[in-house]
**Student:** 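The structure's right below; bear with me while I get my questions together.
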Amino acid sequence: MKHIIAHYHEIALKGKNRPFFVNKLLDNLRYATKGTGVDNAKDQGGRVILSLASDAREDLVKDRVSKVFGIANFALGYRTSNDVEVLKEAVLRHIKDKAFKSFRVSTKRGYKEYPLTSMDVDRIVGAHIKGATGAKVDLTHPELTVFIEVLSKEAFFYTEKFQGQGGLPVGTGGKVACLLSGGIDSPVAAYRMMKRGCSVLFVHFHSYPYLSKMSQEKVGDIAEILNQYQRSSKLFLIPFGDIQKEIVLRAPARYRVVLYRRMMVRITEAIAKREKALALVTGESLGQVASQTLENITSIENAATLPVLRPLIGMDKGEIIGQAKVIGTYDISIIPDQDCCQLFIPKNPAVRTTIEEIERAEKVLDIPKLISMGLAI
Ligand code: ATP
Ligand code: MG
């Protein structure tokens, strides 16, 4: 019977909050591995152990575990007794068919009362492997590393470690509402907040039927990819075309982009409050486009009362693209679509607005009516 042995970042999970974090992590792992053949998930000796059924789909389990936030690294390994005589035989049985000329043993103890030190275990198991296989011990560049973890009632061993997603378990940081466009940036912003333990709901503004349905299909696919890193969450698709039309009809053209954004912020905030989300999230990065100057960011944020989080604010486009590729959203984001903000775009959008001029421009709009138009879905 195989097991996943997963390690979390000790430092992040210290103190009184530890059971809360660890329980969330276990919950999330159970949810993520549902249907893959994981029988049991428990916290033991400072690591998480998942027991796999004999017909478990190992690659799928590994893929799912690799996407759960809160895990630094993990391995697929075997369980045995922590009696070193039994342990050394079990290790040998599992590695004797592997081809290796050099090896090392690396033991960690999750049970400090164990009568042998980690080095003792390294030496005893190492000597046994050496005697049986003739391979030499190489502590710096071994062809094979045998990792052993000694716990209070059992031991685990494995020969390969996989990188975890890092971060904090989703659900430990509260809920946030992400303004999700079909573009490259906002999916990465949502991912970064999940990584800090937030569960993220998505709000997308589209201009259907003025523009195509493509952006809605794209965000649907993007949300599905992002939900692999959290539990499934809601995606709100807000018809924005008629709201834009009102803005276009009544307000000065150069303020349109900022006014669109302020309406997006207000409608998202109304949804956030209904859904008990504590903050808004955008994919803004300073200076990337005209609407992302500090002045315009200030004008847009002024429409919000909840905090607006911008996890990408100091990142370059190249860095964001790199992340989007790793997360898996990039290929969908670059599919050409018709973004609602391309609708009625003025020739000379105001690059540096002030709150005063924006509020003056907005006086002609019936804001509560526009908000309820967006919410009437
Ligand atoms: P992205 O790559 O996320 O589309 P961007 O570089 O195109 O961002 P902007 O168009 O200025 O930048 O949008 C800034 C942020 O506003 C986006 O990251 C997103 O959070 C939000 N946003 C823009 N358009 C929409 C939309 N149609 N629906 C929801 N949110 C949007
Ligand atoms: Mg965009």
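Order of appearance sets the numbers: ligands from 1, and atoms from 1 within every ligand.
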**Student:** If we only count heavy atoms from C-beta on, is the Pro368 to Ile371 side-chain gap below 4.5 Å?
**Tutor:**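 Side chain of Pro368 against side chain of Ile371, heavy atoms only: no contact under 4.5 Å found.
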
**Student:** Validate the cation-pi geometry between Arg231 and Tyr31: distance from NZ or CZ to the six-membered ring centre under 6.0 Å, angle to the ring axis within 45°.
**Tutor:** yes

**Student:** Run the numbers for me: atoms of ligand 1, each under 4.0 Å from some heavy atom of Thr282, listed by number.
**Tutor:**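 Checking each atom against Thr282, I get 20 (O).
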
**Student:** Centroid separation under 6.0 Å, is that true for the rings of Phe240 and His206?
**Tutor:**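 That pair fails the under 6.0 Å test.
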
**Student:** Could you tell me whether Phe236 and Phe202 have their ring centroids closer than 6.0 angstrom?
**Tutor:**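 Centroid separation for Phe236 and Phe202: 6.0 Å or greater.
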
**Student:** Within a reach of under 6.0 Å around OH of Tyr210, are more than 12 heavy atoms found that belong to other residues, nucleotides or ligands?
**Tutor:** yes

**Student:** What residue and heavy atom of the protein are closest to atom 27 (N) of ligand 1, and at what distance?
**Tutor:** Phe205 O, 2.9 Å

**Student:** Among Lys317, Gln292, Glu284, whose heavy atom sits nearest atom 12 (O) of ligand 1?
**Tutor:**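 Closest candidate by heavy-atom distance is Gln292.
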
**Student:** Note the single closest protein heavy atom to atom 1 (P) of ligand 1, along with its residue, its atom name and the distance in Å.
**Tutor:**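 Here the closest protein heavy atom is Ser181 OG, 3.2 Å.
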
**Student:** Tell me whether atom 3 (O) of ligand 1 lies less than 4.0 Å from at least one protein heavy-atom position.
**Tutor:**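 Yes, there is one.
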
**Student:** Just need the protein heavy atom nearest to atom 8 (O) of ligand 1, so name the residue and atom and give the distance.
**Tutor:** Asp185 OD2, 3.4 Å

**Student:** Tell me which protein heavy atom sits closest to atom 17 (C) of ligand 1, plus the residue, atom name and distance to 0.1 Å.
**Tutor:** Gly283 N, 3.9 Å

**Student:** Which option, Met264, Arg261, Gln216, owns the non-hydrogen atom nearest atom 9 (P) of ligand 1?
**Tutor:**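 The nearest heavy atom belongs to Arg261.
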
**Student:** Any carboxylate oxygen within less than 4.0 angstrom of a Lys/Arg side-chain nitrogen, looking at Glu58 and Lys62?
**Tutor:** no

**Student:** Give the residue and atom name of whichever protein heavy atom lies nearest to atom 20 (O) of ligand 1, and the separation in Å to one decimal.
**Tutor:** Leu179 O, 2.7 Å

**Student:** Would you mind listing which atoms of ligand 1 come within a distance below 4.0 Å of any non-hydrogen atom of Val203?
**Tutor:** 29 (C)

**Student:** Any chance NZ of Lys317 has more than 12 other-residue heavy atoms, nucleotides or ligands included, within less than 6.0 Å?
**Tutor:**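 Check passes, neighbour count above 12.
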
**Student:** Can you say whether the rings of Tyr158 and Phe147 are parallel (under 30°), tilted (30 to 60°) or perpendicular (over 60°)?
**Tutor:**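 Taking Phe147 first and then Tyr158, their aromatic rings lie parallel (interplane angle under 30°).
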
**Student:** Taking only non-hydrogen atoms of Val188, do any sit less than 4.0 angstrom from ligand 1?
**Tutor:**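 Not so, Val188 does not reach ligand 1.
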
**Student:** Within a distance under 4.0 Å of any heavy atom of Ile184, pick out the atoms of ligand 1 and give their elements.
**Tutor:**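 Listed by number with element: 2 (O).
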
